[in-house]
Amino acid sequence: MKVLICGGGVIGASIAYFLSLRGIEAVVIECNGAANAASGKSGGFLARDWCDGTPVAALARRGFDLHAGLAAQLPGDWGYRRVEALGVVAGGGRDLSRFGRLPPPDWLGAGSAVHGRLSTPDTTAQVHPAAFTAAMMAGATDRGAQLVEGCVQDLALTPDGKRATGAIVDYAEIAADAVVVAMGPWSLLACRWLPLPPVFGIKAHSLIFDYEPSPEALFADVETAGEEEAHPEFYPRPDGTTYVCGSSGEQGLPLDPADVAAEPAAVAQLHRLTACVSPGLAASRVLAEQACFRPVTADGLPLIGPVPGVAGAYVATGHSVWGMLNGPSTGEAVAELIADGAAATVDLRPFDPARLDPLDPQAFAIK
Ligand SMILES: Cc1cc2nc3c(=O)[nH]c(=O)nc-3n(C[C@H](O)[C@H](O)[C@H](O)COP(=O)(O)OP(=O)(O)OC[C@H]3O[C@@H](n4cnc5c(N)ncnc54)[C@H](O)[C@@H]3O)c2cc1C
């Protein structure tokens with residue numbers, strides 16, 4: 001059996017890895033380099049129980065456990081470690097003395113205070129997202145999977161449109177027994193090819209600093225002069241850097257993933273927010289100012305499962321803010337679905353693509 005996976009982000013790489021564990025031929029088609037998009041530019045924060053009480057709980061718990069197992073089994077170093085998370089308030093001329101019950105990490109500025117411990121290392125962890133995605137891809141290719149550079153332009157279907165037979169990649173057809181759409185927010189393009197609900201891209205900016213403080217992940221609530229309240233997140237990493245994300249953007253999703261660009265106003269805002277929380281971090285060398293889009297669906301839940309009415313076609317996207325956490329559990333479940341006809345490790349019914357109306361391709365013109 002040969003499976004084409006459209007998209008080389010964490011979801012595509014994880015599906016390829018778990019298919020390859022079963023000896024199934026997996027071919028990942030990626031147009032702009034693996035992990036070039038959100039899967040290379042995310043926070044990489046993992047939480048076992050922060051999705052509890054939602055339909056994503058089982059996927060998240062399985063994802064958290066798989067991450068721990070992969071860190072122990074798979075070769076490579078992607079900075080996996082258990083971390084605690086702290087809630088921080090900063091700026092706005094607030095009386096911080098009423099928050100400061102916990103001692104702040106020494107890299108926080110005088111205008112910041114810790115208002116609570118959000119988790120302990122028992123239930124939260126982190127990875128370097130690009131390195132993790134690369135390790136999953138390498139784990140797949142070591143077991144026979146292929147990573148092919150190319151742009152998926154269409155699906156190949158039988159004349160009655162009821163079965164996927166491959167994909168059109170750079171004007172040539174690649175035949176396969178099954179095809180998985182895992183193009184993150186660009187999975188929207190697949191609505192032209194398949195009866196799929198829309199996926200939207202929500203933009204966020206991030207900065208990477210050459211600065212390694214103590215390892216706590218910080219979730220901040222910041223008020224800066226003249227600006228609305230903002231909620232940047234801070235992830236020190238064991239590679240000697242600190243990642244900060246938070247500001248959204250004005251520009252919509254470009255057709256080509258290579259055209260995603262950071263916007264100066266959003267980058268400047270993120271620098272101001274960083275300075276508000278940690279002047280020392282803000283003063284350190286900037287290694288990257290970047291942006292990416294997270295994939296979201298109309299009801300906020302991922303789309304994971306068979307495409308209705310088209311045998312051999314599957315979709316796995318829409319993971320929003322938890323794609324790094326839920327990449328491995330999604331990859332494992334999709335591999336089970338394709339190989340065995342049903343997922344055994346996670347109940348995929350909440351993520352059935354058939355729960356949402358498909359987008360009418362006529363109503364959606366991409367020029
Ligand atoms: C700022 C930010 C911080 C985040 N922090 C976290 C976090 O801390 N923890 C967490 O769990 N999640 C986090 N996320 C969410 C997570 O990053 C995403 O959910 C996840 O990366 C989505 O992975 P993906 O593989 O679906 O999509 P993507 O990473 O977008 O990958 C899709 C791939 O498809 C390729 N592609 C697109 N069109 C085509 C085509 N036509 N042909 C071939 N290839 C194509 C693209 O080039 C891209 O590589 C964060 C997201 C953002 C934006």
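When a ligand or atom number is given, it counts from 1 through the structure's own listing order. As the structure is a computational prediction, the values presented were derived from the model and not from experiment. Basis for what follows: all heavy atoms, side chains included, without hydrogens, waters or symmetry-related copies.
Asp340 has a carboxylate O that lies under 4.0 Å from a charged side-chain N of Arg22, or vice versa, which qualifies the two as a salt bridge. Between Glu212 and Arg237 no salt bridge is recorded (no basic side-chain N to carboxylate O distance below 4.0 Å).
Set against the non-hydrogen atoms of Trp322, the atoms of ligand 1 under 4.0 Å away are 10 (C), 11 (O), 12 (N).
Among Asn326, Asp347, Thr345, the single residue meeting the side chain to side chain contact (heavy atoms under 4.5 Å, CB included) criterion with Leu59 is Asn326. Put simply, the residue from Val88, Val244, Leu273 that forms a side chain to side chain contact (heavy atoms under 4.5 Å, CB included) with Phe234 is Val244.
Scanning Gln126, Lys41, Met183, Glu30 for the heavy atom closest to atom 48 (C) of ligand 1 points to Glu30. The residue from Gly246, Gly44, Gly331 that puts a heavy atom closest to atom 7 (C) of ligand 1 is Gly44. Distances from atom 23 (O) of ligand 1 to the heavy atoms of Gly9, Ala291, Ser39 show the closest one on Ser39. One option in Val28, Val321, Thr330 has a heavy atom closer to atom 13 (C) of ligand 1 than any other, and that option is Val321.
An N or O contact shorter than 3.5 Å is missing between Cys245 and ligand 1 by distance. At least one N or O atom of Gly43 sits closer than 3.5 Å to an N or O atom of ligand 1. Note: no N/O pair closer than 3.5 Å links Leu46 and ligand 1 by distance alone.
In this structure, Cys151 has a heavy atom closer than 4.0 Å to ligand 1. Contact between Ala258 and ligand 1 is absent, with no heavy atom of the residue lying under 4.0 Å from the ligand. At least one heavy atom of Tyr243 sits less than 4.0 Å from an atom of ligand 1. Using 4.0 Å as the threshold, Gly318 has no heavy atom nearer than that to any atom of ligand 1. Ligand 1 lies less than 4.0 angstrom from a heavy atom belonging to Cys292.
In the hydrophobic clustering, Val296 connects to Phe200, Ile202, either directly or through intervening members, whenever side-chain heavy atoms lie under 4.5 Å apart.
Distance from atom 50 (C) of ligand 1 to its nearest protein heavy atom, with residue and atom name: Ser42 CB, 3.4 Å. When hydrogens are left out, the protein atom nearest atom 36 (N) of ligand 1 is Cys31 SG, 3.8 Å; that is the closest non-hydrogen contact.
Two residues are said to be in side-chain contact when any heavy atoms from C-beta on lie closer than 4.5 Å; Pro232 and Val222 meet this criterion. The shortest side-chain heavy-atom distance between Leu281 and Pro213 does not fall under the 4.5 Å cut-off.
By the salt bridge (Lys or Arg N to Asp or Glu O under 4.0 Å) test, Asp65 is found to be paired with Arg48, residues two or more places apart in sequence or in another chain being considered.
Ring centers of Phe219 and Phe45: under 6.0 Å apart, within the cut-off.
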